[in-house]
Amino acid sequence: MAFEIRELDRTTWPDFVRIMEKHDGVWGGCWCVEFHLQRGDKKEMGISRRALKEKLVRANRSHAALVYDGSDIVGWCQFGPPAELPARMSGFAKLGETAPDWRITCFFVDRDHRKQGVSAAALKGALALIAANGGGTVDGYPTSTHGKPYSSSFLWAGTESMFAGAGFKLLGALGKTKSVMRKVVRARR
């Protein structure tokens with residue numbers, strides 16, 4: 001299946017809202033802001049997650065590779081520098097690694113388009129957008145399935161095999177089912 005990749009921005013925001021609303025804000029109303037928040041922010045936010053996401057998008061502080069099938073978004077991959085996505089960065093201390101230039105924090109695939117390669121297309125699209133924005137080290141935090149079947153709902157961070165297929169190398173484990181994988185992406189002019 002041939003998908004088109006577009007970056008999340010002011011022009012694609014209405015399409016993003018449409019898919020978010022179809023899925024009730026995704027994962028209990030996350031609106032893909034969880035990784036934008038630092039500890040304590042959730043209680044202090046004061047505005048809705050949707051409003052926060054829109055504010056971040058309009059300020060060019062929220063990035064995603066949106067996967068389109070025709071005029072509809074069927075999935076995406078959220079990415080950004082650690083300053084934009086500061087949540088869950090404590091694992092680097094125990095791995096003895098420096099923070100990356102970019103993070104790939106989560107994926108979402110429309111329930112009507114699962115098992116069609118949408119996540120892999122989103123990852124490829126995110127890497128191309130990162131290259132267009134100067135490249136650098138890119139980390140992902142995929143699920144280590146250990147060959148066991150997983151519900152696609154729990155694979156919001158992608159899988160090790162998908163990241164390995166895109167050229168990422170394992171840095172270490174962040175627990176029993178999460179790992180850190182890294183790739184260097186060259187800038188594309």
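Summarising the geometry of Phe108 relative to Asp110, their closest heavy-atom pair is CE2-N, 3.7 Å, with the distance given to 0.1 Å. Of all non-hydrogen atoms in Ala121 and Ile5, the two that sit nearest each other are O-CD1, 3.5 Å. Among all heavy-atom pairs drawn from Arg103 and Ala87, the shortest one is NH1-O, 2.8 Å. Nearest heavy atoms, Ala126 versus Cys77: CB-SG, 3.7 Å.
In this view, Arg50 and Glu21 satisfy the salt bridge (Lys or Arg N to Asp or Glu O under 4.0 Å) rule, not counting sequence neighbours. For Glu160, the salt bridge (Lys or Arg N to Asp or Glu O under 4.0 Å) criterion is met by no residue, not counting sequence neighbours. Taking Asp112 as the reference, Lys22 meet the salt bridge (Lys or Arg N to Asp or Glu O under 4.0 Å) condition, with sequence neighbours excluded.
Listed by first and then second residue, the ring-ring contact (aromatic ring centres under 6.0 Å, His included) pairs involving residues 165-189 are Phe163-Phe168 (not counting sequence neighbours). Among pairs with a residue in residues 125-137, those fulfilling side-chain hydrogen bond (donor to acceptor under 3.5 Å, both in side chains) read Asp101-Thr137, at least two apart in sequence or across chains. Pairs of residues two or more places apart, or lying in two chains, that qualify as salt bridge (Lys or Arg N to Asp or Glu O under 4.0 Å) and include a residue from residues 71-80 are Arg18-Asp72.
Interatomic distance, Leu171 CG to Lys183 NZ, rounded to the nearest 0.5 Å: 14.0 Å.
With hydrogens and angles left out, the side-chain atoms of Glu84 and His63 include a donor and acceptor closer than 3.5 Å.
With hydrogens and angles disregarded, no donor-acceptor distance shorter than 3.5 Å links the side chain of Thr159 to the backbone of Thr143.
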